[in-house]
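Every value quoted in this text rests on a predicted model; they were computed, and no experiment measured them. In what follows, chains are A, B, ... by sequence order, proteins preceding strands, each numbered from 1.
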Number of protein chains: 4
Amino acid sequence: MMKKSVPSMVKDPQLVKKRREQMVKGAVRLFIEKGFHRTTTREIAKESGFSIGTLYEYIGSKEDVLYLVCDAIYEEVSRKLTKQLDSSLTGIERLQKAIASFFQVVDEMQDEVLVMYQEAKSLPKEALPYVLQKEHEMTAMIEAIIRDCVTEGVLSLSDDQIKLRAHNILVQGHMWTFRRWSIQKLFTLEQYTALQMEQLLASSR
Amino acid sequence: MMKKSVPSMVKDPQLVKKRREQMVKGAVRLFIEKGFHRTTTREIAKESGFSIGTLYEYIGSKEDVLYLVCDAIYEEVSRKLTKQLDSSLTGIERLQKAIASFFQVVDEMQDEVLVMYQEAKSLPKEALPYVLQKEHEMTAMIEAIIRDCVTEGVLSLSDDQIKLRAHNILVQGHMWTFRRWSIQKLFTLEQYTALQMEQLLASSR
Amino acid sequence: MMKKSVPSMVKDPQLVKKRREQMVKGAVRLFIEKGFHRTTTREIAKESGFSIGTLYEYIGSKEDVLYLVCDAIYEEVSRKLTKQLDSSLTGIERLQKAIASFFQVVDEMQDEVLVMYQEAKSLPKEALPYVLQKEHEMTAMIEAIIRDCVTEGVLSLSDDQIKLRAHNILVQGHMWTFRRWSIQKLFTLEQYTALQMEQLLASSR
Amino acid sequence: MMKKSVPSMVKDPQLVKKRREQMVKGAVRLFIEKGFHRTTTREIAKESGFSIGTLYEYIGSKEDVLYLVCDAIYEEVSRKLTKQLDSSLTGIERLQKAIASFFQVVDEMQDEVLVMYQEAKSLPKEALPYVLQKEHEMTAMIEAIIRDCVTEGVLSLSDDQIKLRAHNILVQGHMWTFRRWSIQKLFTLEQYTALQMEQLLASSR
DNA sequence: CATGAATGAGCATTCATTCAT
DNA sequence: AATGAATGAATGCTCATTCAT
């Protein structure tokens, strides 16, 4: 699955990368504050530190900014998660570590994750497959870890159960942000993690 | 918690009710199709069967339409759910029935629930407390049913666990819609319900 | 050949007609002064006596204004010409009258004719067939009058010659405007008409 | 009458000449395709084979490109025509040759001539006198040939008639391009030339 | 000389809202 | 109460031109 390519008038890839990073940084702040639709391209340009003309040297449309933002957030979540996971744990401990790490990453990037959740529907049509793919990869990653536990015999779950739990883990990570008005009043992240883990690791069959 | 009052120039409450029902019906269809921001007030008026001038006789701003829509959706979910729950079941069975009913209602109102999820952030500021309150009521309702199980001794959960499971039930209902691109490909509603129930009803302490 | 239909948000045809007349009047003045491309929609709105929003209640795009302008000019040229031609002359005299009338109409509407000549290429794609049709009708009208002369035996021309002379008459009318910087310095309209007529009526075969 | 001078930052006249030739070649193609206003300076630079920065080393404004283009077209028409005319014909034959040659040159350079016709109005103010001068020279050239015929006694025309016929010849050449949608469907260039010549050479007084 | 990134004034168009009828 | 024409601020985007490298 190819990344959607965002058109740029500027040739130098280094510069494109740098400017887009500025842009994403500025845009995330604005999208968090007021949402994609209420943010104007001029505001994005200003917040990014350049003019409206320059903004359009690096994107083709406002929607492209949203795509860049979502892509960057995915990338960072992946990066952070991967960093946490390179430990050489096995079995249940590895899964526990994965869940805790994921929840922690979501906690660290609350606003960003929330933006992605709320604005993904405004992504340009061509970007949708790519984003779904990213979600799928994430789910598959968790799924694999769970499956290892089953293979190792430390967890007893059917294939369907494995798949669904992977989804549940993802969503329970996300809900830490999108229900924060309630959940974060009830629990600390540690409490939340412990309580959810308890259920997620319950075996069956 | 008072409902946010939506201003109307029209005095006759019967008429206001009728017109707003037309409006909500039209708006829901449009919001499902293209989202709140991409829907114009003119389109809402047309779809509702009256003129743009008339639309503004019954609301104060476009956001009010969104509020009315969200409110109506909550109302219908509540209504449908209440209808399903008036059985005289007790204990685990009552909870099972509640979960299954909730999932089923969400399934019946997929598009509507999705709209609420995706557009709630655009609600007028004053409406937020009311909406959160609604969510809270819903959670509290589920919570009460779980608590009954615990009281009856058929489930062994701490207070924190009760609260979190109520949230999980809600979110697992919602995710049937917002992750449908994946989950509904893997499971039928019945399968999904059975699999989730299994975990949700697992006891502990 | 159907007229291109220009979309309007306003229902009342009377009003549409009235507003579009205002619009055409304002736009012609501006197009004469600065050309189509250098005229902004805001200027058109202002010159027409209403707001930019109102302008767009009566057209779909800036190009539509140009189409409306060209159409109105054709219409007026036709109207004026028809009015002049309803005399019951025959043979050469009728042709003479037609040529003189046409030149006179072009003279009266110099600026308008020039605008049409210079901006027609910017017309919306769908309007082109209609405009060519109009030109063709005009040519056919002249052609018919020449043909009558031939039929009556007062002029001796082949079919090709008839067709070409019709074109020549049209173009010689138009060139009174688009070469005015030179021709109108050399001749009065009467002189010009007399001199051109002389050649145009020369018989042959 | 001086040529309008187009400012250049570059000193070497050879280079200026070369670059401007590239520029004109590229621009003509673009102007033919989409007109002056719809062509961007970036496109002109690209089509010319150099950067936008370089483009502005050789011109002062976009309008200058149009002027250069028009000038080049005049130049080439003149050149081609002169080449055809250096025969040592006399009298009617010389005029016939001139007309046929002119029509042929116009036919060979249809697109270019059309561009000049349609975009001349967008020329920078200061360029207008020069362009009119060019037109005048052309007319004068034809005029001289006709006058020779009169002097030689092979044609009998008043001074006014001579002047007007010169204009007619020019315009009838041009109309081969700007009415091509109709005329070129009716006639081949040879037919067209023969038919027009017939009238243009008719004597009188 | 050549380059191309940066600029920002300018433009067409949209749309929530008002108000006279 | 209902209508729909009018409004104009706001917005996404373009493009001629400049200037540092």
Find the distance [X]:[atom1] to [N]:[atom2] and express it as a whole number of Å.
X        : N       : atom1 : atom2 : answer
Asp12(C) : dT21(E) : CG    : C1'   : 13 Å
Glu43(A) : dC13(F) : CD    : P     : 15 Å
Lys11(D) : dA2(E)  : NZ    : P     : 13 Å
Leu30(C) : dA12(E) : CG    : P     : 12 Å
Glu57(C) : dT13(E) : CD    : P     : 14 Å
Leu55(C) : dT7(F)  : CG    : P     : 11 Å
Ile59(A) : dA6(E)  : CD1   : P     : 14 Å
Tyr58(A) : dT14(F) : OH    : C1'   : 17 Å

Looking at every strand, decide which applies to [X] at a 4.0 Å heavy-atom threshold: base, sugar-phosphate, or nothing.
X        : result
Thr54(C) : base
Met9(A)  : sugar-phosphate
Thr41(D) : base
Ser8(A)  : nothing

Open item on the list: What I want to check is whether an N or O donor and acceptor connect the side chain of Arg38(C) with the base of dG10(E) at under 3.5 Å.
Closed with: no
TODO: Please state whether the base of dT13(E) and the side chain of Arg42(C) form at least one donor-acceptor pair under 3.5 Å?
DONE: yes
Open item on the list: Do the side chains of Glu75(A) and Lys3(A) get close enough for a salt bridge, i.e. N-O under 4.0 angstrom?
Closed with: yes
Open item on the list: Go nucleotide by nucleotide along DNA chain F from the 5' end; which of Gly49(C) and Gly53(D) gets its closest nucleotide reached first?
Closed with: Gly49(C)
Open item on the list: On DNA chain F, compare the nucleotides closest to Tyr56(D) and Thr40(A); which residue's is nearer the 5' end?
Closed with: Thr40(A)
Open item on the list: Could you check whether any side-chain N or O of Ser48(A) sits under 3.5 Å from a backbone N or O of Phe50(A), counting only pairs where one atom can act as donor and the other as acceptor?
Closed with: no
TODO: Could you tell me whether a side-chain N or O of Thr39(D) sits under 3.5 Å from a main-chain N or O of Ile44(D), the two making a donor and an acceptor?
DONE: no
TODO: Check whether any side-chain heavy atom of Glu47(A) sits under 4.5 Å from a side-chain heavy atom of Gln22(A), and report yes or no.
DONE: no
Open item on the list: Just checking Tyr117(D) against Phe178(C), ring centres under 6.0 Å apart?
Closed with: yes
Task: Parallel, tilted or perpendicular: rings of Phe31(D) and Phe36(D) (30°, 60°) - done: perpendicular
Task: Identified pairing partner of dT21(E), criterion: Watson-Crick or G-U wobble below 3.5 Å - done: dA2(F)
TODO: Respond yes when some side-chain nitrogen or oxygen of Arg19(B) is under 4.0 Å from OP1 or OP2 of dA2(F), and no when none is.
DONE: yes
Open item on the list: Side chain of Ile52(C) only, heavy atoms from C-beta on: which candidate in dA16(F), dC1(E), dA9(F) is closest?
Closed with: dA9(F)
Task: Position toward the 5' end of DNA chain E (nearest nucleotide), Phe50(A) or His37(C) - done: Phe50(A)
Task: Closest-nucleotide ordering on DNA chain E, the 5'-leading residue of Lys62(C) and Thr39(B) - done: Lys62(C)
